[in-house]
Amino acid sequence: MTASSFGRTPVIFDSGAARGANAADIPLSGTTDAADGSQIEARIVRSHDGSEVHPWATIATVAGGAWAGAFPAATRNAQRLRAELRVAGETMITRMADEFLVGHIVCLIGQSEDSRMFNPIFDDRRYQSVPAFADDGLFVLTWKDHGAGAAFTANGIVPVTQTAPLTASMAHFASVFTKNAPGEPLLLIDATEQGTSRTALVDDSNLDRDWQATLADAVEIVRAYGSDVGVVMDTWTASDSAPADNFRVRFQPVYSGALVDGTAFPVGDVMSDGGTPYRIDHFLWDLTGQKRAAALFDAAVTKLAFHGPHRFEDFLIDAEGRYVPALRAQKQDTRMSIRAMVADAQLAPIMRPKGPEILLYQNGTPTTATTWDGTRYAEVYDPDPNTWVNWADAAHPSAYSDDGLPARARHSAVAALYALGRVSAEVPVLNRAEWTEEYVDLWWEDLLGRTPRLSTTRLERGEPSPFDAPHVRELAGFWINGEPAENTEVVDGRIRVYPNTGTFDGTTRLDYGLGGASGVVAAPDDEFIAIWKDLPLAVVGLSGVEGVAVAPMPNQEEIRSTLSAAAQFASSGDVIFRDKARIPTGTSAITWHWRVRPTLGSVSQDLGGVEGARATLQRLPDGKMRLLMMDAGGVISVPAMQTVLTLGVLVDLVLCIDLAARRVRLWKDGLPAEDLAIVPNASTFETNRNLQFLTGGSNGFTGGVDRMSAWYVGSTDGNVAALGQPFYSVSGQTAAPYIREEGPGSTAIGSWLAAGIPLPV
């Protein structure tokens, strides 16, 4: 009898780890001179010594001299395997010539940050090492040119071995993966291309990236020998972070074949979502139930795992070559939009738990260059720190250090372990806090009640912390009330943050990982001291890495201050603060800011807006927010909000109504909360109205008030500090001229305002 070839050797079969399985069916076929109806049996043996791994099983019946079937449920194995075949009842055994492995097939989609790990151009062995790792642990399908031609079919399945590791980065990936998942071979599909977006990938009319050549061709190779992709890994958020909080809306059809409301997206239609329109000729999955051929993956077979956004530097270079803060809001919004995407019920059939974000590596390269070409400094590297004057190519992991591109590869391997369920699905996050006036301690408690030790790369390596910049200290990336924390340390496996001045109180807000989660405040100085080494990590017992990065932007509800703090003044529900002046002519957008602590939950309470019920932001009895709007043309419909205000908790709210853009945006505690479309009757506000805060009467706000301000301009990121001085502001330290009247019975407040006396604390 004969056994048909897989078409290449060795091949790797996916065992279904991402869907909780450990079983691969091995397709086998061939010919025989046995009589029709004869049974064909197969078993699986180790290739090198013939020892049995899986016993004989009947897999096929002969028909017309041919047979075809599958050996069922082969499990993951460290060894190269072969199939042995025989006709039932006969002693003659045929051993298949081709070898195979049973493990995992992972497809990595992305652009240059990931693409460089596979590309020999960035494989600089002067600065990148090749660590020890087990051969046959990693195989790669890449379309890049490695001597055989720039195509998946030309390169074939490339073994990553100690003597021929493909690139140093792949050696680092293999080292981490094989140490933490020993005996579990992995085929990694390189579906990355530099400088590209999903819009190019799925649009056949966009020649920047080809669907077949950079993705589908590799999947077809795997399917041709009878396997499939187990999980798609995604951290594609460089060019694709431009949509910010619109990321989910813009790209959900690419993943699901449907809009966020579940409506099926027509194949070949143009996606118009406020960004640059793009055509969608392909979907990764079709979750509409239509099983359209335009979808590449089957939800029952292949899963999706996000492990992004990765770290981005919080600065750009302006036209004069200066470092300036940038991209913070965009990266924050993208991060929150992806988290919402992971939690979306529509994507539940394919979605794995959110993986760790890759933060712990060097982005960019110190350079000796002093000239700026309009985009960046030249990448002129000298290993002597005394020669460094600027920072080059801050968008990419460095090729001049094992802490650059190889480190990104190491943490990509960690992300693969998470995606495949080979480690706990829980990502480290700051979710516990203990507040005192002198400091706050932060830590992570997992679902089992364990508290893994928190640390930093620098501490784990035993390197001294730099103290030159006041915002570094022992940990980077922490902010107190919008200012970089100047004094932080690790104490008994927890993170301790001290006040910059004075003491903490109930109004203190603590943040970690704002913007691109880089920790950079002073560039390029922070880069020179490798500030990324001071970002927090959790020591979770993984080999080959110091730890797993703590997730940026933790839930404020979990770490907010528990200290008591009286609000600046109390509103008993009968106070109105109204601007003396009318809304200026031509005002198309207004931004309001509140810091308040609601204490009454049984009625609807007005926080303010525009008088005459033209715009009223309310807290409803169930805690949810609601915006009521109307103008001279009638009622303006505003979609329902899901944002909740908790009783007794100080909350920071920013509301922007932009009539020209037809959007209502709400931020809660610095994070995007609502982004709603409206259809107003005019593009500017009426000029015969005044702004107001709070409302007397049955809907009056009851609770503590710290600050209320307004600007006659819009905001797209909720950063009111960037709007300049408010046109109108009320606080305990603000004198009365801006405030006009009070509600019935508020004689005390009224007398203070009339006298121009600051409101009492």
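Fair warning: this is a prediction, and the values are worked out from it, not measured in the lab. For reference, positions follow the sequence shown, starting with 1.
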Crowding at CG, Asp492 (>12 non-hydrogen neighbours, <6.0 Å): no
Going by salt bridge (Lys or Arg N to Asp or Glu O under 4.0 Å), name the residues that satisfy it together with Asp525, two or more places apart in sequence or in a different chain. none
Please list, chain by chain and in numerical order, all residues satisfying ring pair (Phe, Tyr, Trp, His ring centres under 6.0 Å) with Trp443, sequence neighbours excluded. none
What residues, two or more places apart in sequence or in another chain, satisfy side-chain hydrogen bond (donor to acceptor under 3.5 Å, both in side chains) together with Ser241? Gln330, Lys331
Contacts of Ser715 meeting side-chain contact (heavy atoms from CB on, under 4.5 Å) (sequence neighbours excluded), chain-then-number -> Thr591, Trp667, Asp717, Leu723
When you measure from the centre of the six-membered ring of Phe701, is the NZ or CZ of Arg619 closer than 6.0 Å and no more than 45° off the axis? no
Run the salt bridge (Lys or Arg N to Asp or Glu O under 4.0 Å) test against Arg432 and tell me which residues pass, sequence neighbours left out. Glu445
Test of understanding: with side-chain contact (heavy atoms from CB on, under 4.5 Å), list the residues that count as partners of Asp333, not counting sequence neighbours. Ala244, Asp245, Pro672
Within a 6.0 Å radius of atom CD on Gln725, are there more than 12 heavy atoms belonging to other residues, nucleotides or ligands? no
When the ring centroid of Trp435 is compared with that of Phe504, is the distance short of 6.0 Å? yes
Going by side-chain contact (heavy atoms from CB on, under 4.5 Å), name the residues that satisfy it together with Thr457, two or more places apart in sequence or in a different chain. Leu360, Arg461, Trp532, Lys533, Leu537, Glu546
Applying side-chain hydrogen bond (donor to acceptor under 3.5 Å, both in side chains) to Tyr255 and not counting sequence neighbours gives Arg198, Asp234
Taken in chain and number order and not counting sequence neighbours, the residues that satisfy side-chain hydrogen bond (donor to acceptor under 3.5 Å, both in side chains) with Asp273 are Asn246, Arg250
Please enumerate all residues that pass side-chain hydrogen bond (donor to acceptor under 3.5 Å, both in side chains) together with Glu489, with sequence neighbours excluded. Tyr498
Flag for Gln362-Asp403: side-chain donor and acceptor within less than 3.5 Å: no
Quick check for you: to the nearest 0.5 Å, what is the distance between Arg496 atom CZ and Asn487 atom CG? 11.0 Å
Take Asn699 and Gln605, measure what side-chain contact (heavy atoms from CB on, under 4.5 Å) needs, and give me the verdict at the end. CA-CA 5 Å; Asn699 289 339; Gln605 299 184 75; over 6 Å; no
Under the ring pair (Phe, Tyr, Trp, His ring centres under 6.0 Å) rule, collect the residues that match up with His307, sequence neighbours excluded. none
Tyr361 and its side-chain hydrogen bond (donor to acceptor under 3.5 Å, both in side chains) partner, picked from Arg408, Glu113, His411: Arg408
By side-chain contact (heavy atoms from CB on, under 4.5 Å), Val651 pairs with (sequence neighbours left out) Val596, Leu645, Leu653, Lys668, Asp669
